[in-house]
Amino acid sequence: MTESDDTKPRRNFIQQAIDEDVAAGKYGGQVHMRFPPEPNGYPHIGHAKAICVNFGLAKEFGGACNLRFDDTNPVKEETEYVDAIRDDISWLGFEWHEEILYASDYFDQLYQFAVKLITDGNAYVCELSPEETREYRGTLTEPGRNGPYRDRPVEESLDLFARMKAGEFENGSKTVRAKIDMASPNLNMRDPVMYRVLNANHHRTGDAWCIYPMYDFAHGQSDSIEGITHSLCSLEFENHRPLYDWFCEKLEIHHPRQIEFARLNMTNTITSKRKLRELVESGRLSGWDDPRMPTLRGLRRRGYTPASIRSFCDTVGLAKYNSTVDITLLENAIRDDLNKTAPRYMAVLRPLKMVITNYPEDQVEMVSAVNNPEDPDAGRRDVPFTREVFIEQDDFREEAPRKFFRLTVGKEVRLRYAYYVTCTAVVKDDAGEITEVHCSYDPESRGGKTPDGRKVKGTIHWVSATESPRAEVRLYDRLFSTDNPESKPADAAEDWTLLENLNPDSLEVIEAPTEPALAQLPVGTQVQFERLGYFCVDPDSTPDRPVFNRTVTLRDSWARMEKQMAQKK
RNA sequence: UACCCGGUGGUGUAAUCGGCAACACAUCUGGUUUUGGUCCAGACAUUCGAGGUUCGAGUCCUCGCCGGGUAGCCA
């Protein structure tokens with residue numbers, strides 16, 4: 001990486017913090033990160049940011065990044081999610097350090113840590129019920145009170161803890177608690193629970209354990225065991241940092257630095273696992289990989305590239321306050337990527353038949369088209385041209401508005417890579433609907449220019465009416481039509497849910513004629529349909545009927561202009 | 001009403017420990033163009049408020065105001 005000298009370094013607050021640690025020789029100048037997902041759901045765009053931050057920073061500082069599953073709550077976690085998370089991280093383009101790790105690998109060590117804390121008088125076995133525990137804890141404004149088991153003898157706690165592990169007690173009957181300060185203004189320090197009795201089958205340890213450590217007593221300790229130097233997490237753990245530090249100090253173990261940053265929020269979508277699950281389970285979306293989902297598998301199926309998501313995560317930056325990123329940033333990232341790489345093709349989404357009256361019947365002529373004007377190496381291809389072609393309904397207007405450069409009776413436009421055509425007549429059915437347009441072409445204009453050098457304002461795409469295979473095209477749009485799907489309108493009914501903010505037009509399925517080259521592309525291939533947008537080949541495709549998903553439309557400044565003119569009226 | 005964290009354009013982030021508020025997206029103008037795409041050029045903020053320190057404050061201090069987090073045996 002060489003940066004020009006005049007490029008000012010743009011360091012976010014975490015990079016600066018690590019810079020300082022490295023410069024001070026803390027942790028021997030080493031950097032070792034980790035990404036610690038709980039395997040209880042599919043990763044979404046918000047996780048992508050966390051992944052990019054952790055793996056990206058590790059790489060930047062020449063360190064490694066572990067992938068560790070935070071699997072300390074067996075009732076919520078499943079192997080299915082472990083696999084999904086692993087695959088999505090790989091897909092995004094990151095490599096974790098050596099083997100995949102699990103907090104559950106450390107259950108024995110964690111148990112020993114707890115024994116040490118009890119032995120040192122820093123923890124005890126508590127027999128308060130969950131309700132009593134809450135009562136003793138106090139409230140946000142009132143201090144808690146010491147419980148009756150707080151000062152029991154060390155030996156007694158040790159014995160009880162061993163019996164907890166041996167499975168002698170009911171769920172919820174006993175806990176191990178850190179002995180800190182029931183009057184602390186930080187509720188996390190009011191003797192937090194370290195272990196609970198949970199008779200549940202764990203996805204990896206099976207029935208070996210019936211007590212499981214809580215996040216606060218598993219996460220930091222796992223970081224420590226792995227020699228993590230910088231432990232990044234989201235903002236809501238800021239209040240846990242004193243506890244994170246307390247455990248490391250009392251245990252006298254390697255002490256990583258916890259740094260918090262804001263998780264990603266984006267407009268026009270949601271990132272709540274629970275709500276996404278609702279969308280899937282209600283059948284409104286086809287699954288976790290529905291191309292409208294903000295999940296990584298959804299984005300992947302939609303046509304988003306790993307590079308585009310990484311670039312997006314790069315531009316959203318890092319902060320210590322919650323913000324909401326405009327979804328146009330994501331859309332811009334994929335356009336930017338695909339513009340350089342996606343080969344162009346022609347397809348007509350809303351066909352209108354054009355008859356070129358002075359063109360020979362039954363003639364099929366191949367015209368040569370550029371595959372990608374952004375990439376000289378992409379070459380050219382042939383596209384069949386015939387007397388009857390389809391053009392886009394939008395590209396013809398009987399009464400053309402101001403600045404409409406496209407086709408209207410009496411006007412000449414260019415059929416991209418083919419000929420200039422001039423509209424001579426409109427044909428309508430009994431209902432008055434336009435069924436076809438008639439044109440004459442200029443044989444001299446083959447390839448899209450004329451010897452006399454005359455210019456036409458408009459160039460439109462087309463497809464042969466007789467030589468074009470059909471494809472299924474799924475026109476995807478934003479999942480929610482409002483910036484903030486969670487915001488309830490002032491006049492909303494009592495049973496309002498965010499489902500009412502769903503974009504009713506987030507999917508439209510159509511059949512479209514395409515140029516022949518589009519018929520046999522491998523699943524996942526990303527292309528641009530000229531003047532329309534970027535599309536990719538969906539796994540639902542069959543050999544005789546490809547299915548294309550619209551990833552994102554092209555920018556459409558004409559549509560914008562037209563909308564503006566309509567508003568001015 | 002306890003404690004913690006935070007407020008920079010329409011949006012998201014910068015500003016090298018006090019020195020001309022920068023970048024991207026969005027929006028608007030114009031130019032190029034065989035995609036109304038891309039590309040190029042230009043426009044768009046006196047940094048939540050009030051004081052204070054200073055030659056000089058987005059940066060430091062004080063007091064307000066506003067927003068977020070925290071009372072799981074979830075993570």
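Residue numbering restarts at 1 for every chain, and letters A, B, ... go by the order of the sequence lines. Bear in mind that the values here come from a model prediction, so they are computed numbers and not experimental data.
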| query | Does A:R531 put a side-chain nitrogen or oxygen below 4.0 Å from OP1 or OP2 of B:G36? | reply | yes
| query | Which part of the nucleic acid, if any, lies within contact of A:K340, taking any heavy atom under 4.0 Å across all strands shown: a base, the sugar-phosphate backbone alone, or nothing? | reply | nothing
| said: Between A:R454 and A:D442, is there a side-chain heavy-atom distance shorter than 4.5 Å? | reply: yes
| When all nucleic acid strands are considered with a 4.0 Å heavy-atom cut-off, which category describes A:L532: base, sugar-phosphate, or nothing? | nothing
| Proximity to the side chain of A:A319 - top-ranked nucleotide from B:G69, B:U13, B:C28 | B:U13
| Given the rule that a pair is Watson-Crick or G-U wobble with both distances under 3.5 Å, how would you write RNA chain B in dot-bracket, using | for pairs to a different strand? | .((((((..((((.....[..)))).(((((.......)))))....(((((..]....))))))))))).....
| Considering heavy-atom distances to RNA chain B, does A:R446 or A:D216 have its closest nucleotide positioned more toward the 5' end? | A:R446
| task | Give one of base, sugar-phosphate or nothing for A:P373, where a contact means two heavy atoms less than 4.0 Å apart. | result | base
| Per the atom types in the model, does the base of B:U35 pair as donor or acceptor with the side chain of A:Q528 at under 3.5 Å? | yes
| said: Does any part of the side chain of A:Y345, heavy atoms only, come nearer than 4.5 Å to the side chain of A:T514, both counted from C-beta? | reply: no
| Do the side-chain N or O atoms of A:Q16 get closer than 4.0 angstrom to the phosphate oxygens (OP1, OP2) of B:A14? | no
| field | Side-chain H-bond candidate by donor/acceptor type, A:N12 with A:Q15, under 3.5 Å | value | yes
| field | Inter-nucleotide C1' distance (B:G72, B:C66), Å rounded | value | 30 Å
| said: Can you confirm whether the side chains of A:T269 and A:R478 place a donor and an acceptor under 3.5 Å from each other? | reply: no
| request: Quote, to the nearest angstrom, the C1' distance that separates B:A45 from B:A24. | output: 16 Å
| query | Do A:R406 and A:E392 pass the side chain to side chain contact (heavy atoms under 4.5 Å, CB included) test, and can you show the C-alpha distance, the side-chain angles, and the key distance before you say yes or no? | reply | CA-CA 10 Å; A:R406 281 112 99 146; A:E392 214 66 60; over 6 Å; no
| message | Of the listed nucleotides (B:U35, B:A2, B:G37), which one gets closest to any side-chain atom of A:T141? | response | B:A2
| field | Toward the 5' end of RNA chain B, by each residue's nearest nucleotide, A:N186 or A:G448 | value | A:N186
